[in-house]
*Asks:* 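The structure under discussion is supplied below as structure tokens; questions concerning it will follow.
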Number of protein chains: 2
Amino acid sequence: MDDIETRELRYFVAVAEDLHFGRAAARLGIAQPPLSRAIRRLEHRMGVVLLERTSRGTRLTAAGEVLLGEARVALDAVSAAVRRTRRAGSPQRSLVLAMKPGGDGGLLPRILAAYESQPDTVPVQFAFSLGERAAMLRSGRADVGLLHHPQNDLRGLASEPLGVERRVVALAEGHPLAARDSVCLADLAGETMPQWPEAAELGPGPVVRDAGELMQLVALGRAVALVGETALDRPHRGVTYRPVRDAPPAMLVVAWPEGSRSRQVAAFVRAARTAADDRVRDRALA
Amino acid sequence: MDDIETRELRYFVAVAEDLHFGRAAARLGIAQPPLSRAIRRLEHRMGVVLLERTSRGTRLTAAGEVLLGEARVALDAVSAAVRRTRRAGSPQRSLVLAMKPGGDGGLLPRILAAYESQPDTVPVQFAFSLGERAAMLRSGRADVGLLHHPQNDLRGLASEPLGVERRVVALAEGHPLAARDSVCLADLAGETMPQWPEAAELGPGPVVRDAGELMQLVALGRAVALVGETALDRPHRGVTYRPVRDAPPAMLVVAWPEGSRSRQVAAFVRAARTAADDRVRDRALA
DNA sequence: GGAGTCGATACCGTTGAGGTATGGACGACA
DNA sequence: TGTCGTCCATACCTCAACGGTATCGACTCC
């Protein structure tokens, strides 16, 4: 009755993303007629119309919109199952850590030291990613991640807070706002902010691929950027930083897939907590 | 490469649950040889051994254990996708509320009144269930639920707290502990506690199917039961209630599937919050 | 009105899912 | 120890359905 195969979901997602049977079929590596038939059969078995076909393209119905979102989640879950099983079966175990370069709030050395001081640890591999690190955890490409709340979408993940980071704005040294001691978000309304290529939908403004490009643009006065205060540890030439009074503070969290009962993940989370607690204590002493 | 079909996952879950190819095949409605081949092909494609076959039965490998858990989650996600899409496509909309009979902490009348006072509401259907209400939300059989934290597993769900309920123990009137003003958990160590048939694994002790049976057993002195303090609103003949000092309080929450962007769910959650806030205010006035 | 685009239909070959019959390994038991 | 029973694997067959090519029908745009 409702035994839908993942192939059918993959086909539907492809069509729903392209809104074009021919292109979707090409992307899937099959011809267009089998794709049309597969989608039609899917609609018939679900008893729901998913697409409105016109001779000039295709649109999603309300039910189709729902299925697009749900199918992506379900396909993520399936490929996560495969990946995690493969990793559990492969003899050489390692722990894949998803993080943004420099996005550790300066905690990473402490965390790794604390992790490796525990018994039975495995090598830690780094999966640097500017974009959706949360998706890497959900899909099983990474085991544990350092991310920011609420900037990252933590749904489907479990997490532990490691500390809050105030946000500062990076400005060119000659920027008018650099004359002030602090700014507020309203002051930045007219400024251009760079964005990562992985953003869900690209707005106006330049696209940058790494922190170097970002700071280059800022130093040139072509953009401003909201960054965590730990960016002050590695200041960039020609860039000055000012606190943003009303920016929501970013909470650095260690996150992992809900329901992961891996010993290694638990050890890493423990190490992260230890490292965060230690830093708080060190700062109190200083 | 990793395009695993849901059929293969269903087959694997069946075998992993039975640890017996023949019985699993019967349950799936197919013959044993195709099932053996399907599992073998699955292992081959994943590059991992999932089962240790002996001529006298079958055991899961470590990787098989991982896949069993992950596959259940993935299959839940797929059937949830189908169910939610069907409901989105069917013209007559309604909101399915999962709850335990009497498990509303006395809030339900207020919640329904608040919900129905909003514009554009749909009929509320009740899905009473003693067992895994959280699973009903995850699999799309219900849209929103009233459950208890931490007694229910809220992973994969979003939730809002509605209030805490202290826990009391229900005792026969002649029970020795009824002589005390309050008890602690250690006092209950030797007592028999009934359990619901949906429990993951049945221990010793009687099984009850509803609150009436439960209270009957308690009144007869055959068992004691930990219940929420709102049970005092409908006391049972021959049963007396005593607070449990160190029992973790149950937090009543309204929960819904993560990522549900349904307008009706949002309206219900809003109504539940309103109802909870109103009751707090009323009690403060009284 | 002709050309072009896009999805649906017709028809065909091949893959593979599922069936039956049987083999082979192993434990139980006399 | 030989026999029987259990349980999974293998061999072989059938047929549904997946995917491919060719073509149609509807609609848009010059």
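Throughout, protein chains are lettered first and strands after them, A, B, ... in sequence-line order, and every chain is numbered starting at 1. Just so you know, these numbers use all the heavy atoms, side chains as well, and skip hydrogens, waters and symmetry mates.
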*Asks:* Would you kindly give the CD-to-C1' distance between A:Glu5 and D:dG19, to the nearest whole Å?
*Replies:* 17 Å

*Asks:* Does B:Glu5 reach the main-chain N or O of A:Thr6 with its side chain, forming a donor-acceptor pair under 3.5 Å?
*Replies:* yes

*Asks:* Do any N or O atoms of the protein come closer than 3.5 Å to N or O atoms of nucleotides 14-18 of chain D, and which pairs are they?
*Replies:*
from   : atom 1 : to      : atom 2 : distance (Å)
D:dC18 : OP2    : A:Arg41 : NE     : 3.4
D:dC18 : OP2    : A:Arg41 : NH1    : 3.0
D:dC18 : OP2    : A:Arg41 : NH2    : 2.3

*Asks:* Return the residues of residues 15-30 of chain B meeting this criterion: a heavy atom under 4.0 Å from some atom of DNA chain D. Order them by number, or give none.
*Replies:* B:His20, B:Phe21, B:Gly22

*Asks:* If I take atom CG in residue A:Leu35 and atom P in nucleotide C:dT9, what distance separates them, rounded to the nearest angstrom?
*Replies:* 14 Å

*Asks:* What residues, two or more places apart in sequence or in another chain, satisfy side chain to side chain donor-acceptor pair (under 3.5 Å) together with B:Arg59?
*Replies:* B:Glu52

*Asks:* Does B:Asp76 reach the main-chain N or O of B:Ser139 with its side chain, forming a donor-acceptor pair under 3.5 Å?
*Replies:* no

*Asks:* Taking only side-chain N and O atoms of A:Arg53, does any of them lie within less than 4.0 angstrom of OP1 or OP2 on C:dA8?
*Replies:* yes

*Asks:* Determine yes or no for a side-chain-to-main-chain donor-acceptor pair under 3.5 angstrom, with A:Ser94 supplying the side chain and A:Gln125 the backbone.
*Replies:* no

*Asks:* Could you go through residues 23-36 of chain B and list every donor-acceptor pair under 3.5 Å that involves a side-chain atom there, pairing it with any protein atom two or more places apart or in another chain?
*Replies:*
from    : atom 1 : to      : atom 2 : distance (Å)
B:Arg27 : NH1    : B:Glu17 : OE1    : 3.4
B:Arg27 : NH2    : B:Ala14 : O      : 3.3
B:Arg27 : NH2    : B:Glu17 : OE1    : 3.2
B:Gln32 : NE2    : B:Ser36 : OG     : 3.1

*Asks:* Starting at atom CD of A:Glu43, determine the distance to atom P of C:dG7, rounded to an integer number of angstrom.
*Replies:* 13 Å

*Asks:* Which atom pair, heavy atoms only, marks the closest approach of B:Leu9 to B:Leu67?
*Replies:* CD2-CD1, 4.3 Å

*Asks:* Donor-acceptor pair, A:Gln264 side chain versus A:Pro123 backbone, under 3.5 Å?
*Replies:* no

*Asks:* For side chain to side chain contact (heavy atoms under 4.5 Å, CB included), just list the numbers for A:Leu50 and A:Leu60, CA-CA rounded to whole Å, side-chain angles, deciding distance to a tenth of an Å, and then say yes or no.
*Replies:* CA-CA 6 Å; A:Leu50 301 169; A:Leu60 282 171; 5.7 Å; no

*Asks:* Look at B:Thr58 and D:dC7 and indicate whether a side-chain polar atom (N or O) is within less than 4.0 Å of OP1 or OP2.
*Replies:* no

*Asks:* Return the value, rounded to whole Å, for the distance between atom CD of B:Glu52 and atom C1' of D:dA9.
*Replies:* 17 Å

*Asks:* Before giving the answer on side chain to side chain contact (heavy atoms under 4.5 Å, CB included), spell out for B:Gln118 and B:Phe268 the whole-Å C-alpha distance, their side-chain angles and the decisive distance to 0.1 Å.
*Replies:* CA-CA 9 Å; B:Gln118 301 188 35; B:Phe268 189 91; over 6 Å; no

*Asks:* Nearest-Å distance, CD1 (B:Ile39) to P (C:dG18)?
*Replies:* 11 Å

*Asks:* Output, in order, the C-alpha distance, side-chain angles, deciding distance and verdict of side chain to side chain contact (heavy atoms under 4.5 Å, CB included) for B:Arg10 and A:Asp3.
*Replies:* CA-CA 9 Å; B:Arg10 280 194 301 272; A:Asp3 46 346; 3.4 Å; yes

*Asks:* Would you call B:Glu70-A:Arg87 a salt bridge at under 4.0 Å N-O?
*Replies:* no

*Asks:* Distances under 3.5 Å between protein N/O atoms and the N/O atoms of nucleotides 21-27 of chain C, please, pair by pair.
*Replies:*
from   : atom 1 : to      : atom 2 : distance (Å)
C:dC26 : O4'    : B:Ser55 : OG     : 2.8

*Asks:* Between the two ends of the helix from C:dG1-D:dC30 to C:dA30-D:dT1, what is the bend in degrees, rounded to 10 degrees, where each end axis spans five pairs?
*Replies:* 20°

*Asks:* Could you walk me through whether B:Ile39 and B:Arg53 pass the side chain to side chain contact (heavy atoms under 4.5 Å, CB included) check?
*Replies:* CA-CA 12 Å; B:Ile39 300 292; B:Arg53 291 109 161 135; 3.8 Å; yes

*Asks:* Verify the contact: side-chain N or O of B:Ser36 to OP1 or OP2 of D:dT10, cut-off strictly under 4.0 Å; return yes or no.
*Replies:* no

*Asks:* CG of A:Asp3 versus P of C:dG18: gap in Å, rounded?
*Replies:* 10 Å

*Asks:* Are the side chain of B:Ser159 and the backbone of B:Val253 linked by a donor-acceptor contact shorter than 3.5 Å?
*Replies:* no

*Asks:* I'd like to know if B:Glu258 and A:Arg138 make a salt bridge, using a cut-off of under 4.0 Å between side-chain N and carboxylate O.
*Replies:* no

